[in-house]
Amino acid sequence: MRRDTEAKKLNPDYTLIRGREPDEKYVSVISSSALRKNDLIYVKAGDTIPVDGEVIDGVASVNESAITGESAPVIRESGGDRSAVTGGTSILSDWLILRVSANPGEGFLDHMIGLIEGAKRQKTPNEIALNILLIGLTAVFVVVSATLYAFSQYSVKTAGVGTTVTVTVLVALFVCLAPTTIGGLLSAIGIAGMDRLIQRNVITTSGRAIEAAGDVDVLLLDKTGTITLGNRQAVELIPVDGTEIMDLAETAQLASLADETPEGRSIVVLAKEKYGLRGRTVGATESSTEMQFIPFTSQTRMSGVDQGDLHIRKGAADAVFAHIQKCAKYEVSEQLKQEVDKIARAGGTPLVVTKNGKALGVIHLKDIVKGGIKERFAQLRKMGIKTVMITGDNRLTAATIAAEAGVDDFLSEATPESKLKLIREYQTGGRMVAMTGDGTNDAPALAQADVAVAMNTGTQPAREAANMIDLDSNPTKLIEIVEIGKQLLMTRGALTTFSIANDIAKYFAIIPIAFASTYPSLAALNVLGLHNGILSAVIFNAIIIVLLIPLALRGVSYRAMSAEEALRNNILIYGIGGLIAPFIGIKLIDILLILIGV
C-alpha cells in the first residue's frame with residue numbers, strides 16, 4: 001500500500017452531525033502513513049481513499065476497480081454490508097466520513113502482498129520429463145563413448161585382430177547420437193510460440209508460461225467480462241397488480257430516456273424491440289409540460305422523470321419500497337415482493353417502476369452470457385480441459401450463470417484466499433491451472449497459477465504477478481493462449497519423437513562402420529555400402545537441424561485431440577519418418593562426398 005499519499009483527518013474538536021458534510025475548518029491534511037486505527041477521515045468526490053476504513057456517515061459512489069477489477073461503481077454507506085471501504089479505491093460522487101480500521105501494514109493491500117509472496121509456480125510435467133530425457137540420453141552416450149575406447153583396446157589385445165577405435169570416431173559418435181536435434185530446436189519452438197502470442201497482442205514475461213499453456217487442464221475464468229458481457233441488461237418486464245404490460249413498458253422507457261447507463265439504454269431497447277415503442281411516442285397522451293428528469297444518486301438509488309402531475313420513479317427495490325411508503329397512497333403488494341424475490345433468487349437484479357407512488361411492475365436485469373461461449377467451453381472439454389467460473393456472486397446466482405454458460409464448475413463468493421486455495425488444490429492433484437484476472441484481489445491467485453494472464457488495463461499488482469499480459473484486455477483470449485500452447489506442445493512432441501527415432505537410425509547406420517576396424521565382422525552390417533559413413537553422419541546431423549527449423553517455427557497443425565491420439569500420430573508420422581530419414585540422408589551425403597573426391 002502506498003504510504004506517501006495525503007489524507008484529510010478530522011480534528012478532535014469535530015462534532016459529528018449525521019447527514020451534514022463537515023466544514024473544511026475541521027479538516028487537517030496529513031500523510032496517510034500517520035493514520036492509525038479509529039482515526040476519523042473525510043473523503044469527497046475525486047479523492048482516493050488512503051486506507052481501509054468503515055463508513056460512519058455519508059453515502060457515495062465508489063470506484064473499486066483498482067482492487068476488484070470491476071469497472072461498475074458501488075454504493076458505500078454506513079451500516080450493513082456496504083460500509084467497508086478499501087484503501088486505493090476512489091470516490092466518484094458525494095462524500096464519506098470514515099473510521100480507519102487498520103494500522104499501517106495491516107490493510108487489504110498489505111495482506112495481498114503477503115499472499116503473493118507466498119505463492120510459487122511449479123515446473124510443468126513436460127518440462128520435467130524432457131529434462132530427464134535429455135539429461136539421461138546425454139549421460140548414457142557420454143558413458144558409452146568414454147568406455148568404448150578402453151573396451152576396444154581390451155578386445156584387440158585379447159582377440160589379437162583388428163585395431164583400436166580412434167578418439168575422432170568416438171567424438172563423432174557422441175556428436176551424432178547425443179540428442180542435439182531436439183536440443184537445438186527448442187529455442188526455435190519457443191520463439192515461434194512467443195511470435196504467435198505477439199501477433200495476438202499478448203506479451204509473455206516467461207518462456208515457461210507458453211510451454212505451461214500446452215499442459216493446462218484446468219481453466220479458471222472470471223465471470224464478468226469473460227463469460228458474461230459485464231453489463232446488466234433488461235430482459236423482461238413483469239407487470240403487477242393488474243397493470244397493463246404496455247403501460248409498464250411506456251413508463252419504464254420514459255423513466256430511462258435520460259439514463260445513459262448500459263442498464264438504462266437496455267430498458268429503452270427492450271421497450272422498442274419487444275413492444276414496438278419509440279421514445280417520441282411515449283407520454284404523448286400526457287400534458288405538454290416540460291419533462292424534468294431526475295438523475296440517479298447514491299443517496300436515493302432511484303432515477304425518474306417529472307412532467308406536471310406525473311411522477312415516475314425507477315430504482316432498487318428497497319429504495320422504491322421506501323418511496324411508495326413515503327407517498328402513503330399505495331401499499332407494497334405481496335405480488336410485487338414475490339416478483340422481486342423471484343428475480344433475486346434467479347441471480348438477476350430487480351428494478352421497480354412506479355407512477356405517482358403506485359408500483360406498476362418490475363424490470364428484470366441480468367448479466368448476459370456471451371454468444372458462442374458455450375460452444376467454446378464444449379471445445380475445451382473435448383481437449384480434456386476443465387472450465388471453472390470464478391465470481392463474487394452468491395451460490396444461487398453463480399449456479400444459474402454457470403448452467404447457462406456450460407462451465408464444468410464454479411467458485412462463488414470468491415475471495416483472494418479462496419481463489420488461491422482452489423488453485424493449490426488442483427495443483428496438488430497434479431493439474432496444470434491457467435487463470436485470467438485484472439484486479440489486485442486476483443494477484444495472489446495469478447502468482448500461483450501456472451499460466452496467469454493479466455489484462456493491460458488491470459492493476460499494477462495483477463500485471464506484476466502474471467506471466468502474460470494481454471494488451472487488448474480481452475479475457476476470452478486465454479482460450480486462444482491455451483490453444484497456442486497446445487500447438488507448441490504438439491510441435492515439440494513431434495520433433496522429440498523424430499529426434500529419438502533419428503538417433504536410433506543413426507546408431508544402426510554408424511556403429512557397423514565405427515567399429516568395423518575393431519570387429520571386422522561388423523562390416524557385413526554396412527548394408528548401405530557407406531564409404532565415408534562417419535563424416536556423412538556428422539554432416540547429416542548438422543543439416544537435419546537446419547532443415548527442421550522451418551517446421552519448428554511454423555508448428556504442427558493443431559486440432560483438438562486426446563493425448564493418445566496425438567502420440568499415435570507422432571509415432572506413425574514423425575517416428576517412422578525419423579527412422580527412414582537418416583538412412584536416406586546419410587547415403588546421399590556419402591554419394592556426394594564420393595563424387596567430390598573425399
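It should be emphasised that the depicted structure is a prediction, and the values quoted were computed from it without experimental measurement. Each residue takes its place number in the sequence, starting with 1.
Listed by chain and number, the residues in a side chain to side chain donor-acceptor pair (under 3.5 Å) with Arg463 are Gln460 (sequence neighbours excluded). Partners of Lys477 by salt bridge (charged side-chain N to carboxylate O under 4.0 Å, His left out), not counting sequence neighbours, listed by chain and number: Asp470, Asp472. Scored by the salt bridge (charged side-chain N to carboxylate O under 4.0 Å, His left out) test, Asp57 finds no partners at all (sequence neighbours excluded). Not counting sequence neighbours, the partners of Arg381 by the side chain to side chain donor-acceptor pair (under 3.5 Å) test are Asp408. Every residue meeting the side chain to side chain donor-acceptor pair (under 3.5 Å) condition with Lys419, not counting sequence neighbours, appears here in chain and number order: Asp442. Annotation: salt bridge (charged side-chain N to carboxylate O under 4.0 Å, His left out) contacts of Glu339 (sequence neighbours excluded): none. When the salt bridge (charged side-chain N to carboxylate O under 4.0 Å, His left out) test is applied to Lys342, no partner is found at least two apart in sequence or on another chain. Tyr14 is linked by a ring-ring contact (aromatic ring centres under 6.0 Å, His included) to Tyr26, counting only residues two or more places apart in sequence or in another chain. Residues passing the side chain to side chain donor-acceptor pair (under 3.5 Å) test with Asp39: none are found, sequence neighbours excluded.
Within the structure, salt bridge (Lys or Arg N to Asp or Glu O under 4.0 Å) contacts touching residues 318-330 (residues at least two apart or in different chains) are Arg301-Asp318. Residues in residues 307-328 take part in no ring pair (Phe, Tyr, Trp, His ring centres under 6.0 Å) pair, two or more places apart or across chains.
Across Val407 and Thr387, no two heavy atoms sit closer than the pair CA-OG1, 3.5 Å. Counting all heavy atoms, side chain and backbone alike, Val55 lies closest to Glu77 at CG1-C, 3.6 Å. The two atoms that bring Ile312 and Ala255 nearest to each other are CG2-CB, 3.6 Å, heavy atoms only. Across all their heavy atoms, Ala452 and Ala466 have their closest contact at O-CB, 3.2 Å. Nearest heavy atoms, Tyr42 versus Leu10: CB-CD2, 4.0 Å. Scanning all heavy atoms of the two residues, the minimum distance from Ser61 to Ser93 falls at CB-OG, 3.2 Å.
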Side chain to side chain contact (heavy atoms under 4.5 Å, CB included) between Met435 and Leu446, worked out
CA-CA 7 Å; Met435 178 183 173; Leu446 289 171; 4.2 Å; yes
Test side chain to side chain donor-acceptor pair (under 3.5 Å) applied to Ser418 and Thr415, step by step
CA-CA 5 Å; Ser418 63; Thr415 63; 3.1 Å; yes
Would you check, one step at a time, whether the test side chain to side chain donor-acceptor pair (under 3.5 Å) holds for Asp52 with Ser101?
CA-CA 6 Å; Asp52 295 357; Ser101 60; 5.3 Å; no
CA sep, side-chain torsions, deciding dist, call: Val62, Ile91, side chain to side chain contact (heavy atoms under 4.5 Å, CB included)
CA-CA 5 Å; Val62 180; Ile91 303 293; 3.9 Å; yes
If you apply the rule side chain to side chain contact (heavy atoms under 4.5 Å, CB included), what do you find for Ile227 with Phe410, and how did you get there?
CA-CA 12 Å; Ile227 296 175; Phe410 63 89; over 6 Å; no
Show your reasoning for whether side chain to side chain contact (heavy atoms under 4.5 Å, CB included) applies to Gln379 and Arg376.
CA-CA 5 Å; Gln379 182 183 1; Arg376 296 297 298 273; 3.9 Å; yes
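Between Thr436 and Met455 there is a side-chain heavy-atom pair separated by less than 4.5 Å. You'll find the side chain of Val218 reaches within 4.5 Å of the side chain of Val388, heavy atoms only. Taking the side chain as every heavy atom from C-beta outward, Asn38 and Arg99 approach each other to under 4.5 Å. The shortest distance between side-chain heavy atoms of Leu351 and Ile267 falls below 4.5 Å. By the 4.5 Å heavy-atom criterion applied to side chains, Met302 and Ile294 are not counted as neighbours. By the 4.5 Å heavy-atom criterion applied to side chains, Val51 and Leu98 are not counted as neighbours. Lys314 is not listed as a side-chain neighbour of Glu263, based on a closest heavy-atom distance of 4.5 Å or more. Contact annotation: the side chain of Leu411 never approaches that of Thr391 to less than 4.5 Å [non-hydrogen atoms, C-beta and beyond].
Between atom CG of residue Asp450 and atom CD1 of residue Ile423 there is a gap of 8.5 Å, rounded to the nearest 0.5 Å. To the nearest 0.5 Å, atom OG1 of residue Thr86 and atom CG of residue Asn441 are 9.5 Å apart. In this structure, CZ on Arg196 lies 14.0 Å from OG1 on Thr204, to the nearest 0.5 angstrom. Note that OH of Tyr426 and CG of Asp217 are 10.0 Å apart. Values are rounded to the nearest 0.5 Å. Between Leu220 atom CG and Met389 atom CE the span is 12.0 Å, to the nearest 0.5 Å. In this structure, CZ in Phe377 is found 15.5 Å from NZ in Lys382, a value given to the nearest 0.5 Å.
Between Arg313 and the choices Asp306, Thr354, Asn356, Thr251, the side chain to side chain donor-acceptor pair (under 3.5 Å) rule is met once, by Asp306. Applying the salt bridge (charged side-chain N to carboxylate O under 4.0 Å, His left out) test between Glu404 and each of Lys366, Lys374, Lys223 identifies Lys366 as the sole match.
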For residues 236-244, dump all side-chain donor-acceptor pairs below 3.5 Å to protein atoms at least two apart in sequence or in another chain.
unit_1	atom_1	unit_2	atom_2	d
Asp241	OD1	Ser333	OG	3.2
Asp241	OD2	Ser333	OG	2.8
Thr243	OG1	Val240	O	2.9
Thr243	OG1	Leu360	O	3.3

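Salt bridge Lys44/Glu21: absent, no basic N to carboxylate O contact under 4.0 Å.
With hydrogens and angles disregarded, a donor-acceptor distance shorter than 3.5 Å links the side chain of Ser266 to the backbone of Ala234. Between the Asn103 side chain and the Lys37 main chain, a donor and an acceptor come within less than 3.5 Å of each other.
Shown here is Gln292, whose CD atom has no more than 12 heavy atoms of other residues, nucleotides or ligands within 6.0 Å.
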